[in-house]
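Comments concern the structure below.
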Amino acid sequence: MAKAQSVSQAYLLGIREARAMFRQFERDGLATIDTIRRALDNSRECLALGFHGEARDAIKGERDFWSNQLARLQRERAIAPA
């Protein structure tokens, strides 16, 4: 049986910060697939810089948030009427 993994507070903070940014994008009319791809790319680039500890966990939270938002928008756009 696989060992359960806990989620750190830093990871959750990353998700909260990305969600706040996404909400601002929505208010500003910038919540597009392209914008979300750029945010996801940015978080991946930050992880590649070699952050450790809580900073790394927060960036992972942001990355996972953006990845999920990108998948959600792509699904919505695929099934939305043209």
Side-chain angles (χ1 to χ4, degrees):
M1 188 159 111
K3 183 180 175 182
Q5 292 183 333
S6 62
V7 177
S8 73
Q9 290 300 311
Y11 180 87
L12 295 174
L13 175 65
I15 292 172
R16 282 192 303 272
E17 290 178 347
R19 185 179 293 123
M21 188 181 304
F22 180 71
R23 287 180 179 147
Q24 186 63 50
F25 288 161
E26 287 181 315
R27 286 189 293 273
D28 295 342
L30 300 172
T32 65
I33 287 176
D34 185 53
T35 300
I36 292 170
R37 274 193 186 121
R38 285 189 279 162
L40 177 58
D41 289 345
N42 181 65
S43 60
R44 289 177 175 158
E45 290 170 10
C46 287
L47 282 173
L49 292 174
F51 287 96
H52 298 311
E54 289 183 354
R56 184 171 185 79
D57 284 350
I59 297 167
K60 283 181 177 182
E62 290 180 18
R63 177 205 57 199
D64 292 350
F65 176 85
W66 293 120
S67 179
N68 288 329
Q69 289 304 311
L70 180 60
R72 183 184 64 80
L73 279 179
Q74 288 173 328
R75 280 191 311 271
E76 287 176 1
R77 303 282 162 79
I79 62 172

### Query
Do the rings of Phe22 and Phe65 sit parallel, tilted or perpendicular, given the 30° and 60° boundaries?
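Because their plane-to-plane angle is over 60°, the rings of Phe22 and Phe65 count as perpendicular.
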### Task
Would you indicate whether Gln24, at its atom CD, is surrounded by more than 12 heavy atoms from other residues, nucleotides or ligands within a distance under 6.0 Å?
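Check passes, neighbour count above 12.
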Table please: side-chain donor-acceptor pairs of residues 31-39 below 3.5 Å, with sequence neighbours left out.
| residue | atom | partner | partner atom | Å |
| --- | --- | --- | --- | --- |
| Thr32 | OG1 | Thr35 | N | 3.1 |
| Thr32 | OG1 | Thr35 | OG1 | 3.0 |
| Asp34 | OD2 | Arg38 | NE | 3.4 |
| Asp34 | OD2 | Arg38 | NH2 | 3.3 |
| Thr35 | OG1 | Leu30 | O | 3.0 |

### Query
With sequence neighbours excluded, what pairs up with Asp28 under the salt bridge (Lys or Arg N to Asp or Glu O under 4.0 Å) test?
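Expected list: none.
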### Query
Hydrophobic clusters join Ile, Leu, Val, Met, Phe, Trp and Tyr when side-chain heavy atoms are under 4.5 Å apart, directly or via other members; which others share one with Ile59?
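Noted: Ile59 shares its cluster with Leu47, Leu49, Phe51.
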### Task
Sequence neighbours left out, what pairs pass salt bridge (charged side-chain N to carboxylate O under 4.0 Å, His left out) with at least one residue falling in residues 61-73?
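Matches after skipping sequence neighbours: Arg72-Glu76.
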### Message
Restricting to side chain to side chain donor-acceptor pair (under 3.5 Å), what partner residues turn up for Ser67, sequence neighbours left out?
### Response
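By the side chain to side chain donor-acceptor pair (under 3.5 Å) rule, Ser67 matches no residue at all.
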### Task
Applying side chain to side chain donor-acceptor pair (under 3.5 Å), name anything that partners Asn68, two or more places apart in sequence or on another chain.
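Side chain to side chain donor-acceptor pair (under 3.5 Å) check on Asn68 returns nothing, list empty.
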### Hphob cluster co-occupancy, Tyr11 + Leu13, side-chain heavy atoms under 4.5 angstrom
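In one cluster: no.
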#### Entry: Value rounded to 0.5 Å, distance of CD1 in Ile15 from NZ in Lys60
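Atom-to-atom, Ile15:CD1 and Lys60:NZ are 12.5 Å apart.
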### Task
Report yes if some heavy atom in the side chain of Met21 is under 4.5 Å from a heavy atom in the side chain of Trp66; otherwise report no.
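Yes, close enough: below the 4.5 Å cut-off.
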